[in-house]
Amino acid sequence: MSIPQSFIQELLSRVDVVDIVGRYVQLKKGGANFMGLCPFHGEKSPSFSVSPSKQFYHCFGCGKNGNAISFLMDHAGMGFIEAVNDLAQSVGLQVPDDDISPQERERAAAARQKQATLTDVLEKAADAYRRHLRESQRAIGYFKGRGVSGHVAKQYGLGYAPEGWRSLASVFPAYDDPLLEESGLVIVNDEDGGKRYDRFRDRVMFPIRNVKGECIGFGGRVLGDDKPKYLNSPETPVFHKGRELYGLFEARTPIREAGYALVTEGYMDVVALAQLGFPNAVATLGTACTPEHVQKLLRFTDAVVFSFDGDAAGRRAARKALDGALPHATDTRSIKFLFLPAEHDPDSYVREHGTDAFARCIAEAMPLSRFLVEAASDGCDLATAEGRAHMASNARPLWASLPDGVLRRQLLSELAQLTQLPANDLADLWSQASAQDHHRRQGPSAGAQGHSAPAHLPYHSPDEPPWGGPPDGAEPWHGAPDAGYEASYGAPQGQGGGAKPPFRKSGDWKGKGDWKGKGNWKKRDDSPWPPQPRLPNTPMASRVDHAARLLLSHMAFLEHLAPDDHTALCALPAPHGPLFAWLEAQFMEHGPLAWAVLRESLRGHECETLAVKVMTGAHAQTEGDVAELRAELSDLLTRIQLEQIKEQLSAASASGDLALWRELDARSRTLKAALEPAAPK
């Protein structure tokens, strides 16, 4: 779905980021802005600022910033389309889509309406299950026996589906409504003449909510010994087990406060852990953990701990979770695996050993890197060459799933040590195996293209050292390392051969390619040091950047600028001049706009990089007394004009244009006088 940029701009101009953030964060007026505790990291004193004028938020503690759309994406875990739809619905706008036909747009609208209708049906059923729970002492006794308080039961919306085949008929008078079947609440037996009956009967009920808090399905647990023990809603237009996590809606804020998400295996684990002081727990919905699950969790935290029972089934579940986590295991994220004793689940462990003991278990959980090695080594006798080869074969797809980075390269070295191979040799073997796999997938025609290492392998062929090959056009390196090293240097000026390398190793060659003796690398007295890279200069913020910052933050200031100010700004060299010209054109067409709207208008524009640079970071906060800010801008513009006149005076003097020089000099004196402080009265 492609949403026109013009609609995004209109949407951001209609919504109020203070209202959107205020749904989730308690805000208090603080000067020109609103302040609150940052929802993205734990803090005790407010550092989270929301600007009504810019329609932007910024945290001085963790640096998070953005507009209303990005807030819903980062805090509520919505996707971009979902966030836009949510905001559009709140202000009564219809989201357009330029890439689809009217018929497809109509079908999409019908699908959205169907989803809204299904969630309404499920919410109505959830209300009924909660009422039934209050009337069932047996169901209440079950929850009390598990230590669940009324407060936690209310927080998670726990309920009870009573006995009987058609109890929902008292909730939905039109029991034959197709929506009841489509939502998964009712089963239709086509073999028995289309007879209908409730899916959930005599079970305690756990409503499953999406990140917006809408009921999208249920999990039900039997009170006795009936089978199946747990029963979930089927896949529906609003419920997909491979994407949703039980308890995520309730755990969003606790996850950020605790700094990590705890993934368990069952609904009751989540509810019991919330009761026992771990409200940051979630659970998969009767299915293996998928990459989509991990990706959704990582919208809320950079640390995930998977907690599994210590039995064989728990190990199998952990192994599947490892597969789902590997593609997202970047260098800045922490993913761990906690294995409890076989006789315990998280609930029973906390009750027997206490919350402190469980917290220590979480802190000491197995890192992903170690679990990867254990999973690859499982069933392999590393004391034999065959066992090590088997382990390397197991490890290759796991290692290849990791994103490139320090963790991936460290694991290559560790796995190479276990296989008793040099890291480069192991990488070459895996590269060749990946190329062969690719060749088999592509068919015989792929062979004509030759084999090449996959893009994710940062290594070279056996003929090319990992630190780089000879210069373009040179022969491959052979023989002594000194000869190859010298070949990589160009000939000095005035010499016909290759320059000597700046370092040599003491000792002698005893034969081609063989080194006799040990020694240290030493610099040759007659060779130059290799060229050193220049360190980049850190530019200081210029007054032109600050002027851009003030005008992007307070676009209404453009109305008060003198003609000379406009001319001076637009005459600046790129990228500043074009940015000011663009900003003036936006002002003439639309009037004053908030920075959040301007930011969207700049997408893909040549001035986007400059604008984002000056408006990013704590220094970009330009709130304060409007009169003082306008005076600050006026001072900046005067100084910018003086710099331009100085250059023009030099040019006029060089050309001998005395009249122009006098005119410029007079303007310069006037501007300088404006900068002088007024004399005290």
Side-chain angles (χ1 to χ4, degrees), residues 2-13 15 17-18 20-21 32-33 38 40 47-75 79-80 83-84 87 299 332 536-558 569-570 572-587 589-624 629 632-633 636-637 640:
S2 174
I3 301 175
Q5 200 63 33
S6 58
F7 177 80
I8 300 298
Q9 296 161 23
E10 181 183 1
L11 177 63
L12 290 173
S13 68
V15 300
V17 70
V18 177
I20 303 304
V21 175
N33 295 337
C38 179
F40 301 111
S47 63
F48 186 72
S49 171
V50 185
S51 168
S53 62
K54 292 183 188 176
Q55 287 295 301
F56 232 56
Y57 61 86
H58 177 84
C59 177
F60 294 93
C62 66
K64 276 279 190 180
N65 62 77
N67 57 27
I69 296 174
S70 62
F71 182 84
L72 290 180
M73 293 174 66
D74 291 339
H75 180 68
F80 176 75
V84 170
L87 291 176
R299 292 180 183 174
T332 58
N537 294 323
T538 303
M540 296 181 64
S542 68
R543 58 172 58 103
V544 179
D545 281 347
H546 192 47
R549 185 176 302 126
L550 287 168
L551 287 172
L552 288 167
S553 301
H554 304 276
M555 194 177 175
F557 288 177
L558 284 169
L569 290 175
C570 295
L572 289 167
H576 291 87
L579 174 61
F580 288 118
W582 175 86
L583 190 61
E584 188 171 344
Q586 293 289 310
F587 181 73
E589 184 176 354
H590 304 290
L593 299 173
W595 161 241
V597 180
L598 292 172
R599 174 66 187 90
E600 294 303 317
S601 303
L602 280 162
R603 301 263 180 206
H605 194 275
E606 59 177 340
C607 303
E608 179 183 9
T609 302
L610 171 63
V612 171
K613 183 191 78 171
V614 301
M615 293 297 289
T616 300
H619 63 275
Q621 301 304 304
T622 55
E623 306 296 350
L629 292 174
E632 184 179 359
L633 177 62
L636 287 169
L637 296 178
I640 290 170

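Any value given below was found using the heavy atoms of this structure, including those in side chains, with hydrogens, waters and symmetry copies removed. Note that this is a predicted model, so its numbers are computed, not measured.
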Qualifying residues under ring pair (Phe, Tyr, Trp, His ring centres under 6.0 Å), relative to F48, sequence neighbours excluded
Y57

Taking only residues two or more places apart in sequence, or in another chain, which ones meet A596 in a side-chain contact (heavy atoms from CB on, under 4.5 Å)?
Q55, F56, N67

Closest non-hydrogen atom pair between A594 and K54, with its separation
CB-O, 3.6 Å

Using the test side-chain contact (heavy atoms from CB on, under 4.5 Å), find all partners of C62 that sit at least two apart in sequence or belong to another chain.
C38, F40, H41, C59, K64

Closest non-hydrogen atoms of A547 and L636, given as atom of the first, atom of the second and distance, are N-CD1, 3.9 Å

Can you list every salt bridge (charged side-chain N to carboxylate O under 4.0 Å, His left out) pair that touches residues 591-600, not counting sequence neighbours?
R599-E608, E600-R603

Would you call K613 and D545 a side-chain contact if the rule is heavy atoms closer than 4.5 Å?
yes

Rounding to 0.5 Å, atoms CG (L583) and SG (C607) come to a distance of 10.0 Å

Closest non-hydrogen atoms of S601 and W582, given as atom of the first, atom of the second and distance, are CB-CZ2, 3.8 Å

Between atom CD of Q9 and atom CG of L11, what is the distance when rounded to the nearest 0.5 Å?
11.0 Å

Search all heavy atoms of M555 against all heavy atoms of L593 and return the closest pair with its distance.
SD-N, 3.2 Å

What's the spacing between N65 CG and S49 OG if we round to 0.5 Å?
11.0 Å

With no hydrogens and no angle check, do the side chains of R549 and H546 hold a donor and an acceptor under 3.5 Å apart?
yes

Considering all heavy atoms, the nearest P52-N33 contact
CD-OD1, 3.9 Å

For E632, which residues count as a salt bridge (Lys or Arg N to Asp or Glu O under 4.0 Å) partner, sequence neighbours excluded?
none

Rounded to the nearest 0.5 Å, what's the gap from CD1 on I69 to CG on L12? Could you check?
4.5 Å

Shortest non-hydrogen pair, V544 vs H576, comes out as CG1-CD2, 3.1 Å

Walk me through it: do F80 and I8 pass the test side-chain contact (heavy atoms from CB on, under 4.5 Å)?
CA-CA 11 Å; F80 176 75; I8 300 298; 3.8 Å; yes

Listed partners of E584 passing salt bridge (Lys or Arg N to Asp or Glu O under 4.0 Å), at least two apart:
none

Can you tell me how far CG of L569 sits from CD1 of I640, rounded to the nearest 0.5 angstrom?
5.5 Å

Residues forming a ring pair (Phe, Tyr, Trp, His ring centres under 6.0 Å) with F557, sequence neighbours excluded:
H554

E606: which residues meet the salt bridge (Lys or Arg N to Asp or Glu O under 4.0 Å) condition with it, sequence neighbours left out?
none

If you measure from CG on L552 to CG on L579, what distance do you get to the nearest 0.5 Å?
5.5 Å

